[in-house]
Amino acid sequence: MPNDKPDRTPNFIRNIIIEDLKHNKNDGRVHTRFPPEPNGYLHIGHAKSICLNFGLAEEFNGLCNLRFDDTNPVKEEDEYVKSIIEDVSWLGFDWENRLYYASDYFDQLYDYALQLIKKGKAYVCDLSSEETREYRGTLTEAGKESPYRNRSIEENVDLFERMYKGEFADGARVLRAKIDMAHPNMNMRDPVMYRILHAAHHRTGDKWCIYPTYDWAHGLEDSIERITHSACTLEFEDHRPLYDWFLEQLGTFHPQQIEFAPMNLTYTMLSKRKLLELVQGDHVNGWDDPRMPTISGLRRRGYTPASIRNFSEMVGVAKRESTVDIAMLEYCIREDLNKSAPRVLGVLQPLKVVITNYPENQAEELDAVNNPEDASMGTRKVPFSKIIYIEQDDFKEDPPKKYFRLAPGREVRLRYAYFITCNEVIKDEKTGEIKELHCTYDPATKGGNAPDGRKVKATLHWVSAEHAIDAEIRLYDRLFVKPDPGAEKDVDYKTFLNPNSLEILKSCKLEPGLKNVVAGERFQFERQGYFCVDSKDSKPDGLVFNRTVPLRDSWAKIEKAMKNK
RNA sequence: UGGGGCGUAGCCAAGUGGCAAGGCACAGGGUUUUGGUCCCUGCAUUCGGAGGUUCGAAUCCUCCCGCCCCAGCCA
């Protein structure tokens with residue numbers, strides 16, 4: 001059995017496939033598909049579905065198609081298909097030559113509809129949409145049959161052909177399946193198959209003015225492509241009897257629809273409609289804003305495809321409604337970047353430090369390790385001189401308990417450099433603001449070790465002032481302040497948008513080696529977090545970095561715990 | 001009051017009659033020139049509840065409770 005990851009958590013869909021394979025169902029074929037509607041950008045929830053479908057195909061030596069479910073021209077755009085293609089392939093999946101569109105099948109769908117009409121299983125209905133709703137009945141009451149339900153086959157064929165030809169106005173008529181207006185499942189009460197829409201389609205242009213509905217089209221799309229296992233989300237469970245009904249009536253290849261629970265993520269929103277609102281309302285800067293849970297947003301934020309694939313595997317697939325803790329996603333990106341990202345020194349909020357006993361006009365090149373997790377990534381040189389910057393947070397004039405960074409009289413290590421001791425704090429006379437620190441260094445501790453064996457409790461990152469390069473750094477935080485911003489039904493979720501989800505730092509100081517970075521390049525700024533070069537705004541003479549995720553910070557936890565005491 | 005689903009730890013999630021995997025989070029401890037990583041340890045006598053069947057139940061049966069979805073010519 002093709003399974004190179006025996007430790008993968010089992011899930012019910014995989015179990016169904018294993019069982020089907022055991023009985024040689026579909027001649028042992030496994031063929032899945034990812035069927036997005038091109039009406040928005042893909043988000044992390046779609047990524048889970050992509051990983052599921054392509055992953056299953058991969059695991060069982062099958063195939064997975066990418067298919068655009070473009071049956072509604074008024075909502076769909078080419079921009080979205082472009083972004084979806086980019087996102088799926090960025091995630092690392094390959095549909096080879098199997099890129100399909102529902103619109104490729106419009107002719108076949110039309111023929112199938114004619115077949116159903118001729119079997120007396122579909123009819124043209126002249127009821128308005130309001131009337132159709134009234135006739136449908138309610139959840140607890142049966143519906144009424146349309147007065148047009150018993151038209152002759154000839155009349156239905158004629159009317160349907162004239163619908164196709166464009167003789168009727170939008171909404172004037174629809175084609176409906178003739179099933180059962182008293183069915184307890186609302187979806188079976190003569191569902192609409194075609195509606196008249198005089199709208200240009202992003203691919204077929206003005207060829208069509210009738211468009212198939214999802215229920216009518218989807219099963220047939222799957223059938224035409226000989227899909228074996230058609231995974232979709234839970235809300236379509238009620239549609240399965242209809243999915244099956246159409247395929248049975250037509251006697252065509254019958255894929256199996258399997259429903260799984262869609263994913264929710266804490267502190268964000270996974271709904272195309274709401275994400276569109278955030279974009280259109282300028283609450284974020286576009287679909288690929290690094291705060292967005294979209295694949296393009298995560299990509300720009302610095303997430304790797306591997307981290308997202310791993311996350312998808314980690315959250316699993318089940319039928320139970322779930323809200324995954326965003327900490328799990330953050331864990332996945334840290335895990336990946338810890339192994340792969342080069343370490344670098346960068347100061348976000350600089351505090352000037354003068355090493356008073358270090359010679360003027362001197363600079364030396366110190367050896368620094370590029371990644372302690374991977375020796376093959378080698379070492380580099382970092383310049384050191386009399387004036388350096390350290391992080392404002394790394395000095396406290398009046399250090400609290402358990403704070404073991406720099407403080408007056410205290411000695412700490414500068415990473416890869418020297419031990420320094422703080423002797424003097426220079427303040428602005430008026431504001432009391434700390435302007436700079438005067439420290440002395442111990443020349444014997446070069447590289448970071450004291451020959452006499454004395455220890456320091458802290459190691460700080462730093463950057464030489466005269467060698468540093470400037471950069472803008474964008475710090476991102478969760479998009480919403482509540483774990484489930486949509487939970488309160490009578491409060492708009494936008495109320496819970498985090499006003500501090502983006503903080504821009506303009507005068508960050510980075511080690512000079514970062515001068516020639518390229519868009520998308522990722523680094524760990526030691527003791528801070530993982531950052532990547534912004535793909536849109538970063539320029540050679542104006543570097544912009546996005547913080548992907550901060551490092552775990554146990555000091556922050558201690559601080560918080562002390563405050564809560 | 002119709003139909004379809006789902007209830008295993010704070011969050012995901014295995015398990016399908018033989019005595020509760022794993023991960024995240026959290027809490028301790030060790031290593032450490034990143035308060036990072038890594039490594040140990042702890043974390044459900046119990047599976048929504050109550051009965052029943054059985055030598056034995058999260059798994060089977062009955063009843064009850066809770067949550068989600070469905071009345072678009074959206075997908």
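Order of the sequence lines sets the chain letters (A, B, ...), proteins ahead of strands, with each chain counted from 1. We use all heavy atoms of the structure for the numbers below, so side chains are in, but hydrogens, waters and symmetry mates are not.
- Going from atom CG of A/N370 over to atom P of B/U34 covers 16 Å, rounded to whole Å.
- When the P atom is used for both B/C60 and B/C24, the distance is 31 Å, rounded to whole Å.
- One P atom belongs to B/C40, the other to B/G35, and the distance between them is 22 Å to the nearest Å.
- For A/E77, the side-chain hydrogen bond (donor to acceptor under 3.5 Å, both in side chains) criterion is met by no residue, not counting sequence neighbours.
- For A/T140, the side-chain atoms get nearest to B/U1 when compared with the rest of B/G5, B/U1, B/A13.
- Within the nucleic acid shown, A/V456 has no heavy atom closer than 4.0 Å to any nucleic acid atom.
- Separating the CG atom of A/L242 from the C1' atom of B/G3 is a distance of 14 Å, rounded to the nearest angstrom.
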Enumerate all atom pairs, one protein N or O and one N or O from nucleotides 41-43 of chain B, separated by less than 3.5 Å.
none

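- Every residue two or more places apart in sequence or in another chain that forms a side-chain hydrogen bond (donor to acceptor under 3.5 Å, both in side chains) with A/H239 is listed here: A/D215.
- Scored by the side-chain hydrogen bond (donor to acceptor under 3.5 Å, both in side chains) test, A/N449 finds no partners at all (sequence neighbours excluded).
- In terms of position along RNA chain B, the nucleotide closest to A/K319 lies nearer the 5' end than the nucleotide closest to the other residue of the pair A/K319 and A/S322.
- When the side-chain nitrogen and oxygen atoms of A/S554 are compared with OP1 and OP2 of B/G36, one or more of them lie within a distance under 4.0 Å.
- A distance of about 9 Å separates the C1' atoms of B/U32 and B/C38, rounded to the whole Å.
- Judged by Watson-Crick or G-U wobble contacts below 3.5 Å, the nucleotide B/U59 has no partner.
- A distance of about 26 Å separates the C1' atoms of B/G72 and B/C6, rounded to the whole Å.
- Residues that satisfy the side-chain contact (heavy atoms from CB on, under 4.5 Å) test with A/N370, not counting sequence neighbours, are A/M377, A/R380.
- Remark: B/G42 base-pairs with B/C26; criterion is Watson-Crick or G-U wobble with both hydrogen-bond distances under 3.5 Å.
- With sequence neighbours left out, A/R149 forms a salt bridge (charged side-chain N to carboxylate O under 4.0 Å, His left out) with A/E145, A/D190.
- At least one side-chain heavy atom of A/F246 sits less than 4.5 Å from a side-chain heavy atom of A/M193.
- Remark: A/K144 engages no residue in a salt bridge (charged side-chain N to carboxylate O under 4.0 Å, His left out) (not counting sequence neighbours).
- As rounded to the nearest Å, B/U59 and B/C19 have C1' atoms that lie 12 Å from one another.
- Using a 4.0 Å cut-off between a side-chain N of Lys or Arg and a carboxylate O of Asp or Glu, A/D180 and A/R189 do not qualify as a salt bridge.
- Nucleotide B/G36 has no partner under the Watson-Crick or G-U criteria, as no pair reaches both atom distances under 3.5 Å.
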Sugar-phosphate or base contact per nucleotide [nucleotides 17-30 of chain B; S, B, -; heavy atom under 4.0 Å]:
----B-BSSSS---

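- At least one side-chain nitrogen or oxygen of A/N15 sits closer than 4.0 Å to the OP1 or OP2 atom of B/G15.
- A/F404 places its CZ atom 11 Å from the C1' atom of B/U34, with the value rounded to the nearest Å.
- Rounded to the nearest Å, the gap between the P atom of B/C74 and that of B/A14 is 36 Å.
- For the pair A/I13 CD1 and B/A13 P, the computed distance is 12 Å after rounding to whole Å.
- In this structure, A/K48 places its NZ atom 11 Å from P of B/C12, rounding to the nearest Å.
- Taking the O4'-C1'-N9-C4 or O4'-C1'-N1-C2 dihedral as appropriate, B/G72 has a value within 90° of 0 and is therefore syn.
- Every residue two or more places apart in sequence or in another chain that forms a side-chain contact (heavy atoms from CB on, under 4.5 Å) with A/K339 is listed here: A/E335.
- B/G7: Watson-Crick or G-U partner is B/C65, with both key distances under 3.5 Å.
- With sequence neighbours excluded, the residues forming a side-chain hydrogen bond (donor to acceptor under 3.5 Å, both in side chains) with A/Y493 are A/E277, listed by chain and number.
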Protein within reach of the bases, or only the backbone? For nucleotides 66-75 of chain B, mark each nucleotide 5' to 3' as B, S or -, using heavy atoms under 4.0 Å.
--SBBBSBSB

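- Contacts of A/P241 with the nucleic acid, taken as non-hydrogen atoms under 4.0 Å apart, are absent.
- A/A407 and A/F395 get closest at one heavy-atom pair: CA-CE1, 3.7 Å.
- For the pair A/N11 CG and B/C12 P, the interatomic distance rounds to 17 Å; values are reported in whole Å.
- Rounded to the nearest Å, the gap between the P atom of B/C64 and that of B/G3 is 14 Å.
- Between the side chain of A/T445 and the backbone N or O of A/D442 there is at least one donor-acceptor pair closer than 3.5 Å.
- At a threshold of 4.0 angstrom between heavy atoms, the contacts of A/E237 are confined to the sugar-phosphate backbone, with no base atom among them.
- Remark: the separation of the C1' atoms in B/U46 and B/G7 is 15 Å, to the nearest Å.
- Take A/F545 and apply the ring pair (Phe, Tyr, Trp, His ring centres under 6.0 Å) test, not counting sequence neighbours, and it matches A/F525.
- Look at CD on A/E526: it is 13 Å from C1' on B/G35, rounded to the nearest Å.
- Screening A/R273, A/K272, A/K75 against A/N39 for a side-chain hydrogen bond (donor to acceptor under 3.5 Å, both in side chains) leaves a single residue, A/K272.
- Nucleic acid contact class of A/Y211 (heavy atoms, under 4.0 Å, all strands): none.
- For A/N264 and B/C12, the CG to C1' distance is 12 Å, given to the nearest whole Å.
- Using a 4.0 Å heavy-atom criterion, one finds that A/Y403 contacts the bases of the nucleic acid, with or without backbone contacts as well.
- Within 4.0 Å (heavy atoms only), A/Q524 reaches at least one base atom of the nucleic acid.
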